[in-house]
Number of protein chains: 2
Amino acid sequence: MFNDDLVFKALGDPSRRFLLDLLFQRDGQTLGELEAELAMTRFGVMKHLRVLEDAGLVVTRRSGREKLHFLNPVPIRLIHDRWIDKYRERQVSALTDLKTSLESKKCQSSKKKA
Amino acid sequence: MFNDDLVFKALGDPSRRFLLDLLFQRDGQTLGELEAELAMTRFGVMKHLRVLEDAGLVVTRRSGREKLHFLNPVPIRLIHDRWIDKYRERQVSALTDLKTSLESKKCQSSKKKA
DNA sequence: TTGACATGTGACAAAATAGTCACATATAGT
DNA sequence: ACTATATGTGACTATTTTGTCACATGTCAA
């Protein structure tokens with residue numbers, strides 16, 4: 001259904017991850033809108049969107065002369081399932097929640113170990 | 001705590017994902033053991049392991065003249081959390097479970113919508 | 001100490017990737 | 001029809017990444 005290699009390659013570039021962030025924030029943006037957020041010509045952005053679309057991370061719909069882009073989270077969920085054992089999920093979750101919790105309380109305690 | 005870019009870059013290569021698969025299967029393997037599973041000299045494997053270690057996806061422990069490698073699933077969980085909205089998680093999960101379910105029952109029903 | 005084994009380093013060539021540009025197509029509005 | 005706008009294509013260069021090799025370090029065991 002989804003090609004592993006395309007998905008991971010797509011996620012390997014910071015500009016593409018930023019594009020996903022933008023779409024996560026607001027779905028259905030056009031190339032023009034997305035282009036404005038990147039420090040790059042529209043050609044570069046177009047190429048990146050193409051890679052994301054080929055990977056299935058972004059789906060598109062044409063509307064007149066515009067092309068609307070939507071985030072598709074399914075392949076990302078599948079990545080997760082590959083290396084997170086169902087039985088160990090609870091423990092890993094606890095760890096990441098701890099991390100989140102620590103980060104939101106940065107100012108309360110001055111000492112913490114990495 | 002974990003550097004996004006290093007993690008995603010690390011996951012972008014198929015050989016490195018295969019190494020993670022090997023460690024997911026059996027933790028604590030040495031370079032020598034891992035090398036035997038890849039179609040590549042030990043130098044290539046070493047480089048890949050270094051990338052994984054820098055990303056925090058693999059942690060190591062020396063034991064005499066050997067170096068043992070262990071999978072660390074935490075960064076992968078964090079990837080997941082980045083684009084899977086907590087409120088939408090249930091729906092996405094349902095979709096991936098459906099996918100799994102369909103794949104294991106390929107022969108039962110002939111008609112299914114995407 | 002000697003030799004065998006396991007891992008490590010820096011330089012290198014080949015391959016893949018990112019980003020730009022000239023040029024092209026398609027649509028909306030007047 | 002004409003013009004401005006939005007997206008698309010292929011060629012090109014610069015950079016990054018992959019994988020290899022000669023050489024080096026550290027460890028075990030006799």
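A note on names: the letters A, B, ... follow the listed sequences, proteins ahead of strands, and every chain is numbered from 1.
Considering only heavy atoms from C-beta on, B/K47 stays 4.5 Å or farther from B/M40 through its side chain. Using a 4.5 Å cut-off on side-chain heavy atoms (C-beta onward), B/E53 and B/K67 make contact. Looking only at side-chain heavy atoms (C-beta outward), A/D21 and B/R82 come within less than 4.5 Å of each other.
Side-chain N/O atoms of B/K47 include none lying less than 4.0 angstrom from OP1 or OP2 on D/dT20. Contact annotation: B/T41 side-chain N/O to D/dT20 OP1/OP2 distance is under 4.0 Å. Using a 4.0 Å cut-off, no side-chain N or O of A/H48 falls inside it from OP1 or OP2 of C/dT17.
When distances are taken from the side chain of A/S15 to each of C/dA6, C/dG19, D/dG19, the shortest belongs to C/dG19. Set against C/dA11, C/dT17, D/dC21, the side chain of A/K9 has C/dT17 as its closest nucleotide. Taking every side-chain heavy atom of B/R50 into account, C/dT9 is the closest of D/dT20, C/dT9, C/dT20. The side chain of A/M46 has D/dG8 as its nearest neighbour among D/dG8, D/dG19, C/dG8. Out of D/dT20, D/dG8, C/dT7, the shortest distance to the side chain of A/R62 is found at D/dG8. Proximity note for A/D13 (side chain, C-beta onward) versus D/dT7, C/dG19, C/dG8: the nearest is C/dG19.
Minimum heavy-atom separation, B/W83 to A/F24: O-CE1, 3.3 Å.
Protein atom CD of B/E66 is 11 Å distant from nucleotide atom P of D/dA29, rounded to whole Å. For A/F43 and D/dG10, the CZ to P distance is 14 Å, given to the nearest whole Å. One can place CZ of A/R16 at 15 Å from P of D/dT16, the figure rounded to the nearest angstrom.
Side-chain atoms of A/R42 and base atoms of D/dG8 include a donor and an acceptor less than 3.5 Å apart. Counting atom types as modelled, A/R65 pairs a side-chain N or O with a base atom of D/dT5 as donor and acceptor under 3.5 Å.
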